Structures are given as structure tokens and as C-alpha cells.
Amino acid sequence: MKSGTKPRILLLTTGGTITMVTDPEKGLVPCSAADSIIQRIPEIAQLAEMDFLPLANTDSSNILPSLWPEIAKALYERWNDYDGFVVTHGTDTLSYTAAAISFMIQETDKPVVFTGSQVPLEETGSDGRANLINAFRVAISDLAEPVVVFGSLIIKATRAKKTSAFDLQAFTSANVPPLGTIGLSIRLEPNRRVRSRRKPLFQPFLNESVAMIPVYPGMNPDIITFLAEKHSGIVLEGYGAGNIPTEGRSLVPVIQRTVESGVPIVICTQCLFGSTEMELYQVGRAALDAGAIPAIDMTPETTFAKLMWVLGQTNDLKTVESLMQKSFLGELHEGG
Ligand code: ASP
């Protein structure tokens, strides 16, 4: 950042509640004048010189993975023109997008800050104003990695999980402490990645053909056969430490067949916190022996986005396994 001048921040918008308005017939809908809603927040102009890039304007439930490389490309093409980036996004799928962008632009030397809100900026009691201002404060800080800023937390983007459909603190940092907290001031973890001169790695790989499904009592194994016919990879949210049914409606034979046919199956935990530990129980080992890949302590959202990114580079099962279990940006505890 040049001293004496205001930092330059690019605000990339994609829609979401933060810029929605209420339509009496349809409920909350994207507002066509999203930029004018945001420009009514004077603090932003005090903090930074902002440019506005509306890339999409949709409820994030409608966002397709094909938007992820577009966002990554838009950021990367403008990388040298700005001191930081803020991306507004609906909260429903924010974790998926934030994780995908983290894999697509690595070795970052400045922050990419994802934010949104539970209540629209236009409504009384909105958390959007504070979230947006805080996102800009973090975007001009010395942090240099993709993060989610929401409520009082600054969360590594690959660790952010929407855990409340109601609370204004909608996101939690899964399995690692937050990178910072926002209270009377902004406190950042000493071990954070900080700004330095380096060139980011642009790797917009994506194979969108990944399915994700939780294991549930009585699950019909044919569902996995069906998914495997239509997809290049599957994320299975196992129970607890990565366990699956192995008696009655056992999933073991279908996992084995699917993996042998060249379609990787990655098992994460459907618990909010914790890690796969698939050696622990007979019902976890059986999945391992059938060829499933443990996701360790990655969230389902990050496991899903990462598998798309990995399969965008290779179909070789051994390489898929080693890339899925490698920590690129602290998204998992290696060997954990
Ligand atoms: N349905 C909204 C969305 O994800 C929810 C939100 O933004 O809070 O776009």
C-alpha cells in the first residue's frame, strides 16, 4: 500500500441477503440496485477507495460451481490493481464459494474477504452494515489470505461453516480457532499469514461432476451406484469418525465397486466438529479397506469444493488421494 493514499479495494458482489429487498409476493429477492444500497454506507469511503464489480446478483442457493472460476479469474485479473478484495455473497453457499476460491488462488499476498448478512441492509436491525464495514477493515489489514468476516469472527475461508440460520453470528470456525475477532478493536492471531511480496498461484481447476450425500440409517446402496454413474467423484458424509453401515444395507460392496471403476469416494464426518478416524471402528476400517479416502477434519463444504478442484487436475486415484489429504492452506490437519 502506498503511504498517504487510501488503500484501494475491489468490492465484487454476487447477491445474497445483504443486498436483497422484500417483494410482498415473492419474499426476499435480489435487488437490481445492489451497488446503490452499498454506496449508502459512508464509512466505506472513509476506509478505502472502492471499485465495484457486480459479477452476479442471485440468491446463493442458485449459485453454480461454474461461477467459482469466474470469480477467481475476475480477482486474479485485477490482483495488482488493488490492496485487497471484498466479496459479498449469500450466506447459504458462502462456505463452498470461499473454499473453492481459496484453492483457485493460492500463495496470496493480500486478503480476499468474503461477507454477507442474515438481515438485508435495507431492513431495520441489519447486520449487513457492520459486516461490510468490518470486511473492509480486514481487507485493508496486514492479513494476506482468504477469510470470511461475519459477526465478531474472522475465519479462514476453508474452515468457515454456516452453523445458524438465525443468529447474527451465522458462521463458525470449524476445527481451528478463528484467525481473528472483532470487538472494541480487531484482534488478529499472531500466526496469521501476512502481506509480503509474492505472486499468487492461479489454479482455476474445476471438475463440476462431484456429488455429495450424507449416510443415513437404512440408506439404499443403489443411491451410490446411481451417483457414481453420473459423477467423477463422490463425497460421502459418514457418521462420527467416518463410519458407514456394514451390515444389512452395507455400503462396503458399492464403495469397493465404485472406487474400482475409477470414481473416488471421499468420506468426511457429518458432525459439525472433529475429524475422520477411520481406523478406530470396524465400520470405518471397512470403508477404508474398500478404498474410501478420509477427509480428515475438512468440513463437507471444503471437501466438496476441493474434490472438484483436485478432479479438475487428475483422475488418477492415488494422486487424488494424496492431494485430498495434503494441506494446501491449512484446510486440514495433515496426518490428523
Ligand atoms: N438465501 C440467502 C442466500 O444465500 C441467505 C443469505 O444470504 O443469508 O443468498
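Nothing here was measured: the structure is a model prediction, and the numbers come from that model. Note that ligands are numbered from 1 as they come in the structure, with each ligand's atoms numbered from 1 the same way.
- Using a cutoff of 4.0 Å between basic side-chain nitrogens and carboxylate oxygens, K6 and D83 are not scored as salt-bridged.
- For ligand 1, the polar-atom distance check against T91 finds a nitrogen or oxygen pair separated by under 3.5 Å.
- With hydrogens left out, the protein atom closest to atom 5 (C) of ligand 1 is T17 OG1, 3.2 Å, a heavy atom.
- Using a 4.0 Å cut-off to heavy atoms of S117, the atoms of ligand 1 that qualify are 6 (C), 7 (O), 8 (O).
- In this pair, Y96 and F304 present their aromatic rings perpendicular. The plane angle is above 60°, beyond the 30 to 60° band.
- Put simply, no part of G15 is less than 4.0 Å from ligand 1, judged by heavy atoms.
- Taking each heavy atom of Y76 and I105 in turn, the nearest pair found is N-CD1, 4.2 Å.
- Atom 4 (O) of ligand 1 has as its closest protein heavy atom S60 OG, 2.5 Å.
- Ion pairing between a basic and an acidic side chain is recognised when a charged N comes within 4.0 Å of a carboxylate O; R40 and E122 show such pairing.
- Atom CZ of F150 and atom NZ of K162 lie 7.5 Å apart (nearest 0.5 Å).
- By the 30° and 60° cut-offs, the orientation of the rings of F103 relative to W309 is parallel.
- In summary, the atoms of ligand 1 found under 4.0 Å from a heavy atom of D59, numbered by their order in the structure, are 1 (N), 2 (C), 3 (C), 4 (O), 9 (O).
- With respect to atom 1 (N) of ligand 1, the closest heavy atom belonging to the protein is D92 OD2, 2.7 Å.
- Backbone and side-chain nitrogen or oxygen atoms of T58 are examined, and none is located within less than 3.5 angstrom of a nitrogen or oxygen of ligand 1.
- Screening R193, R198, K156, R192 for a salt bridge (charged side-chain N to carboxylate O under 4.0 Å, His left out) with E145, the sole residue that qualifies is K156.
- Of all atoms in ligand 1, listed by their number and element, those nearer than 4.0 Å to a heavy atom of G16 are 7 (O), 9 (O).
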